[in-house]
Amino acid sequence: MERWIKLNLYMGGAGILLCGASLIFINKIPLFLLPALFGVGITFKCTRNIYKNEGPPKSRKSYNQSKSRKRKK
């Protein structure tokens, strides 16, 4: 679990850096607002995961692996 929190901290920091770097160049190219908002979204999601103490997502298999598939002839 500590590894998941550490990953969220690094991704949140990367989101802040992406937002800051994009805001520097927003005067020349207004399209840089999109990566800035993406960085804010990453930071918001990571801090919410840390605050609510959520773990990594669980993986589920959507199909049964024990059954063999029929092959077309």
Atom pairs and distances, side-chain donor-acceptor, residues 38-50, under 3.5 Å, sequence neighbours left out:
from	atom 1	to	atom 2	distance (Å)
Thr43	OG1	Gly12	O	3.2
Thr43	OG1	Ile16	N	3.3
Thr43	OG1	Gly39	O	2.9
Thr47	OG1	Thr43	O	2.9
Thr47	OG1	Phe44	O	3.0

statement: Hits for side chain to side chain contact (heavy atoms under 4.5 Å, CB included) against Ile26, two or more places apart or cross-chain, chain-then-number order -> Leu23, Leu33
- request: Any chance you could measure Ser22, atom OG, to Leu37, atom CG, to the nearest 0.5 Å?
  value: 9.0 Å
query: What is the distance from atom CG of Asn8 to atom CZ of Arg3, rounded to the nearest 0.5 Å?
result: 12.5 Å
Distance in Å, Glu2 CD paired with Ile5 CD1, rounded so as to fall on 0.5 Å steps: 7.0 Å
- prompt: In the hydrophobic clustering that connects Ile, Leu, Val, Met, Phe, Trp and Tyr at side-chain heavy-atom distances below 4.5 Å, which members other than Leu34 occupy its cluster, ordered by chain and number?
  reply: Ile24, Phe25, Ile29, Leu31, Phe32
